[in-house]
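Structure record follows, encoded as structure tokens.
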There are 2 protein chains.
Amino acid sequence: MPEYRVPLKDMQFLLNEMSDDQSSSDVSNEDLFFILEQAARFAEEELVPINQDGDTNGCVFDNGKVTLPAKLRDAFRTYAEGGWMGLSMPEEFGGQGLPERLSTLVGEILTSANHSFSMTPALTMSASRAIIGHGSDELKDTYLEKLLTGTWTGTMCLTEAHCGSDLGLIRSSAEEVSEGVYSIKGNKIFISSGQHDAADNIVHLVLARLKDAPKGIKGLSLFLVPAKLKNKAGVWNKKNEVHCIGIEEKMGMHANPTCSMSFEGAEGYLIGKPNRGINAMFTMMNEMRLGASLQGIGLSERSFQKSLQYAIERTQMRSLGGVKAPEKEADPIIVHPDVRRMLLTQKVLAEGGRAMAQFCADLLDESHQPGADKERVELLGLLTPIAKGFLTDTGLASADLAIQMYGGHGFIKETGAEQLFRDGRASTLYEGTTGIQALDLLGRKVLANQGKSLLSFTKLMHVLSKKTSSEQLGDLADTLSGYSKEWPQLAKQVGSKAIGDFEEVGAASYDFLMYSGYVSLAYFWLKMANVAQEILDGKRHPNGEPFDRDFLDAKVKNARFYFERILPRARAHKDMMLAGKASMMEITESQLIG
Amino acid sequence: MPEYRVPLKDMQFLLNEMSDDQSSSDVSNEDLFFILEQAARFAEEELVPINQDGDTNGCVFDNGKVTLPAKLRDAFRTYAEGGWMGLSMPEEFGGQGLPERLSTLVGEILTSANHSFSMTPALTMSASRAIIGHGSDELKDTYLEKLLTGTWTGTMCLTEAHCGSDLGLIRSSAEEVSEGVYSIKGNKIFISSGQHDAADNIVHLVLARLKDAPKGIKGLSLFLVPAKLKNKAGVWNKKNEVHCIGIEEKMGMHANPTCSMSFEGAEGYLIGKPNRGINAMFTMMNEMRLGASLQGIGLSERSFQKSLQYAIERTQMRSLGGVKAPEKEADPIIVHPDVRRMLLTQKVLAEGGRAMAQFCADLLDESHQPGADKERVELLGLLTPIAKGFLTDTGLASADLAIQMYGGHGFIKETGAEQLFRDGRASTLYEGTTGIQALDLLGRKVLANQGKSLLSFTKLMHVLSKKTSSEQLGDLADTLSGYSKEWPQLAKQVGSKAIGDFEEVGAASYDFLMYSGYVSLAYFWLKMANVAQEILDGKRHPNGEPFDRDFLDAKVKNARFYFERILPRARAHKDMMLAGKASMMEITESQLIG
């Protein structure tokens with residue numbers, strides 16, 4: 001078995017059968033799938049083999065210069081020159097104009113294959129989206145094509161040593177020195193790909209504060225600050241005052257440099273309006289959050305495959321149901337129910353998450369259209385923190401199960417299981433920790449709009465459960481229907497407690513997020529099982545090539561596993577979220593210290 | 001705040017107020033506490049400061065020799081020479097004869113302070129227990145004193161490359177070459193402290209197979225194989241044919257060497273009877289399992305303290321309940337409910353686990369007595385896989401929360417949060433994975449004895465809930481009473497399904513283990529809260545020094561947090577365990593592969 005094989009069959013199922021709108025793109029699903037196969041080949045052949053090497057050798061910082069592991073640098077050049085960077089970016093700026101459904105799958109593939117590698121493309125595209133959404137025509141003309149072709153790469157410079165979640169505390173400053181030109185000063189930390197040797201130039205998007213700007217988040221502006229400027233001869237080789245002053249030693253992701261950046265009167269240009277940087281930043285941030293959710297899915301998938309391989313090869317003990325491999329001294333561990341529990345947990349998290357990401361991708365395409373339907377845009381707003389918070393959390397759980405699957409061998413570097421966890425560990429931290437996603441979800445996306453977006457999603461759940469006709473899935477449909485009613489009720493209950501006491505929001509938010517994640521994935525699982533069962537029953541004709549019955553039957557069975565073995569966790573989160581804040585807030589700080 | 005401060009107040013509470021039998025030892029609690037304070041000082045002053053250094057520098061393997069980080073080696077010598085090794089071992093063999101309640105606390109302290117350090121003492125004592133329990137007088141006379149004083153150290157050599165959980169597959173062989181002297185051949189892996197430079201000699205306990213022994217686990221014998229033998233002059237410097245052929249590169253625990261050992265006709269001596277090695281091994285294994293449970297507790301405690309420190313120092317955002325630190329630009333994050341949820345989760349897991357470990361320690365002392373009560377020994381047998389499986393699992397969850405607490409900084413090596421997770425990660429793998437503990441619990445400890453031991457524990461739960469008189473704790477007592485009835489019922493339900501289909505045991509085992517863990521900790525939390533409330537109400541007089549009201553009040557509040565915010569997870573595990581095997585076993589292997 002290869003180390004990682006792109007789950008093309010499942011991806012084809014999603015492309016062909018799960019997208020509600022099969023006509024949104026000019027490109028046929030066959031063509032999309034053909035492109036996907038090329039991406040798969042690139043990932044399997046170029047990225048997987050260098051993943052362990054990147055972890056071992058890491059990035060080197062020397063006197064302001066960062067050197068990537070050579071193989072990773074070369075792979076990035078191959079990727080960029082292959083035209084992969086701007087896959088779903090507008091053609092007018094040099095992108096390929098393909099639907100997000102495709103780039104979402106490619107994004108997942110990249111993380112599965114090589115988490116460190118996936119960072120630079122994702123960041124560069126998010127930065128590009130902010131420029132497209134908020135930049136002047138001049139900025140667009142000057143920078144986008146270079147970014148979308150990967151000649152240059154992009155970063156997000158938000159975090160400072162004293163502020164991560166709380167961007168209102170940002171101290172970096174900007175002062176206009178000539179018309180449209182600003183001098184940027186300040187120190188930023190945790191800048192992924194802030195310096196490296198795989199591109200000719202690096203375009204930093206920097207949050208900073210104009211002189212006399214209001215305090216807090218409403219006084220932030222976003223600036224584009226290239227590492228290199230154009231010289232008088234029109235060549236981009238004039239050094240800007242942008243310095244990498246060090247890279248972090250991290251738990252994982254060693255092949256992607258996490259840079260400390262110093263802007264020392266660097267030349268920069270405003271993106272969007274003064275003091276409205278947070279708006280432009282959110283464009284970037286939301287795309288990055290969806291990008292991080294793909295890391296969660298990719299991690300679950302890779303962890304599943306890693307575990308599966310061992311479960312087939314490793315022999316240990318006899319099956320409780322009688323000897324299965326009499327020719328061997330023990331049975332392969334895949335015969336043991338608890339091993340299957342771990343494998344299927346990883347599998348249903350990966351496939352359920354992938355279906356959710358496809359749904360978000362369609363919404364994202366819609367949201368990029370002028371005059372996009374507000375309800376659909378808000379639905380994406382609701383799902384974004386769920387996808388980011390829940391899918392990265394469960395991605396790590398899958399990686400942890402991979403270590404567990406390997407037993408003592410999982411703790412050994414050579415097997416590669418522990419690298420998956422170490423590389424993925426940042427995914428619940430960056431682009432807003434899980435706690436931040438939870439507050440965003442419950443506070444802004446649910447309570448602040450009186451549950452409107454939530455109701456538009458639970459309506460989909462309700463409709464799906466009603467139209468589930470097959471007997472096999474009847475009990476799952478009933479369960480989903482129950483949750484479609486309960487979920488908004490829970491929001492209401494927490495909401496009424498929170499009137500006059502916002503701390504009740506904070507006390508319930510994490511459990512509300514996790515509840516929401518488990519319940520949303522139940523929707524996507526029943527949706528997949530429904531389609532599969534309908535095809536099996538001859539009630540539905542596949543949109544593309546037919547699927548083998550084994551695949552469809554597995555979808556139905558795995559849906560049941562999800563409902564029986566994963567979804568019950570939502571019950572615990574329900575009880576916990578309803579418990580209220582008292583048991584957390586009544587204890588004093590000095591009692592905590594003891 | 002110091003990096004780690006031994007939770008002496010909580011430990012004193014357990015020593016003085018929570019042990020049912022205050023008279024089991026000749027030594028007063030005051031004296032025990034005095035010794036504990038010395039252990040605390042050693043850990044805080046000698047072990048904490050070298051913990052990060054050990055991770056960075058690790059062990060070095062060169063031509064068969066293993067060098068520990070120098071500071072760790074020195075610390076071990078100081079520890080051994082201070083007489084700490086044999087704290088609770090019998091005085092007749094050179095130990096201190098102190099109760100397990102004390103050594104259990106010391107064991108926890110060592111892991112909290114320095115996980116890598118804690119390994120060698122724990123392994124050496126487990127090996128000594130096996131020699132005490134099963135060795136000949138000659139072996140006892142020759143080896144025990146050296147081991148109990150830490151002049152020499154011990155190992156457990158069980159695992160081979162092709163067998164970990166399934167010891168029946170062991171291939172290492174033994175052949176009697178002269179009376180009582182055996183030649184041992186074979187390769188062992190994952191031997192913690194298999195070679196190092198902190199002791200004069202290393203005593204390996206090796207599972208091997210005598211010629212013509214029965215196949216499987218019933219053909220294993222246990223041998224004592226010293227790395228160095230006595231020469232003719234009576235000096236222990238004659239090299240035995242025991243070779244370290246390499247050490248593993250691991251995710252963490254870099255300062256403890258994980259050795260591959262080659263026995264090449266090494267001289268060894270039988271411990272116990274031929275082909276009964278597994279009995280002697282289980283003595284050692286059960287002690288090591290309890291030892292690993294202390295690692296889980298120590299990890300929760302250290303993770304709590306690590307998180308608390310940051311939660312107090314780090315300022316970010318304003319409290320949802322109004323500004324708390326107007327003099328600062330943001331409030332310390334400890335004001336946020338979700339931060340407190342994380343902190344309290346770690347705290348209740350640490351303190352609840354500690355109470356459980358104290359209970360097990362008393363049982364362990366009883367079990368070492370000749371003519372120990374069978375019911376009590378079996379109760380310890382029931383609690384051992386729960387303590388090992390559940391407390392290491394939740395210890396890792398606590399460490400993961402510490403990373404989460406630090407946000408992006410948690411991913412950076414310098415902060416030390418991620419080291420806690422990496423060091424602790426092996427705890428759910430060695431001494432039997434969580435899956436193995438789960439099978440042991442449900443299969444051997446519950447179903448195989450018709451739930452007898454389980455009922456003896458749920459009876460304690462029932463009695464406690466009945467005797468809980470204070471109004472404040474009434475609802476918690478009712479909840480516990482409900483679980484005391486439900487738990488054996490669940491065992492029965494799973495048991496009836498398993499008649500004729502053992503796979504149902506495997507399908508339910510993990511969730512049964514986790515359910516059992518959450519429910520047992522609820523017992524210990526109510527027990528602690530009860531004592532605290534009784535003292536607060538003046539209904540109970542403290543056995544030793546009085547406790548401050550803040551401490552007692554916190555115990556009561558934290559019990560409520562446990563019941564409201566942690567215990568509900570048991571509900572999810574209940575639903576999952578009752579779902580049965582179908583959703584896992586009906587899917588074919590080829591469907592899993594896809």
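Convention: sequence-line order gives letters A, B, ...; per-chain numbering from 1.
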TODO: Looking only at non-hydrogen atoms, find the nearest pair between A:Ala507 and B:Pro337 and report the distance.
DONE: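 So the minimum-distance heavy-atom pair works out to N-CB, 3.5 Å.
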
Does any backbone or side-chain atom of [X] lie under 4.5 Å from a heavy atom of chain B? Answer side chain, backbone, both or neither.
X: A:Phe563; answer: neither
X: A:Asp511; answer: side chain
X: A:Leu344; answer: side chain
X: A:Ile334; answer: side chain
X: A:Arg422; answer: both
X: A:Ile312; answer: side chain
X: A:Thr315; answer: backbone

Task: Step-by-step side chain to side chain contact (heavy atoms under 4.5 Å, CB included) determination, B:Glu586 to A:Arg560 - done: CA-CA 11 Å; B:Glu586 281 177 4; A:Arg560 180 161 300 279; over 6 Å; no

Do the side chains of [Y] and [X] get nearer than 4.5 Å, heavy atoms only?
X: A:Gln316; Y: B:Ser165; value: yes
X: B:Phe421; Y: A:Arg425; value: no
X: B:Met342; Y: A:Tyr510; value: no
X: B:Asp400; Y: A:Asp400; value: no
X: B:Ile403; Y: A:Leu429; value: yes
X: A:His409; Y: B:Thr159; value: no
X: A:Gln591; Y: B:Asn558; value: no
X: B:Met576; Y: A:Arg341; value: no

TODO: Give a yes or no on whether a salt bridge exists between B:Glu329 and A:Arg171, defined as a side-chain N under 4.0 angstrom from a carboxylate O.
DONE: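 Looking at A:Arg171 together with B:Glu329, the answer is yes, because their closest N to O distance falls below 4.0 Å.
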
Task: Residues A:Glu503, B:Arg340: salt bridge by 4.0 Å N-O rule - done: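 No, no charged N to carboxylate O under 4.0 Å.
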
Roughly how far, to the nearest 0.5 Å, is [atom2] of [Y] from [atom1] of [X]?
X: A:Met577; Y: B:Arg565; atom1: CE; atom2: CZ; answer: 9.5 Å
X: B:Lys557; Y: A:Met584; atom1: NZ; atom2: CE; answer: 14.0 Å
X: A:Ile566; Y: B:Ser583; atom1: CD1; atom2: OG; answer: 9.0 Å

Open item on the list: Counting the benzene-type ring for Trp, do B:Tyr430 and A:Phe411 have ring centres under 6.0 Å apart?
Closed with: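 Not under 6.0 Å, so no.
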
Check each atom of [X] against the heavy atoms of chain A and say whether the ones under 4.5 Å are side chain, backbone, both or neither.
X: B:Lys324; answer: side chain
X: B:His573; answer: neither
X: B:Val339; answer: neither
X: B:Ile189; answer: side chain
X: B:Asp338; answer: both
X: B:Leu308; answer: side chain
X: B:Ala161; answer: backbone

Chain B interface, residue from [options] that has the most non-hydrogen pairs under 4.5 Å:
options: A:Pro568, A:Gly435, A:Pro332, A:Ala582; result: A:Pro568
options: A:Leu320, A:Asp10, A:Leu578; result: A:Leu320
options: A:Asp575, A:Leu169, A:Leu439, A:Leu167; result: A:Leu169
options: A:Leu343, A:Ile593, A:Asp501; result: A:Ile593

Task: Non-neighbouring partners of A:Glu248 that pass side-chain contact (heavy atoms from CB on, under 4.5 Å), sequence neighbours left out - done: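 Counting only residues at least two positions away or on another chain, A:Glu248 forms a side-chain contact (heavy atoms from CB on, under 4.5 Å) with A:Phe190, A:Lys250, A:Thr258, A:Ser260, B:Ile412.
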
- [ ] Can you sort out the partners of B:Thr433 under side-chain contact (heavy atoms from CB on, under 4.5 Å), two or more places apart, ordered by chain and number?
- [x]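 Testing B:Thr433 for side-chain contact (heavy atoms from CB on, under 4.5 Å), a comparison that skips the adjacent residues, returns A:Gln404, B:Ile436.
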
Open item on the list: Other residues, nucleotides and ligands only: do more than 12 of their heavy atoms fall within 6.0 Å of CZ on A:Phe502?
Closed with: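 No, the 6.0 Å shell around CZ holds no more than 12 heavy atoms from other groups.
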
Task: Verdict with reasoning, B:Asp166 to A:Arg318, per salt bridge (Lys or Arg N to Asp or Glu O under 4.0 Å) - done: CA-CA 9 Å; B:Asp166 193 355; A:Arg318 290 302 184 183; over 6 Å; no

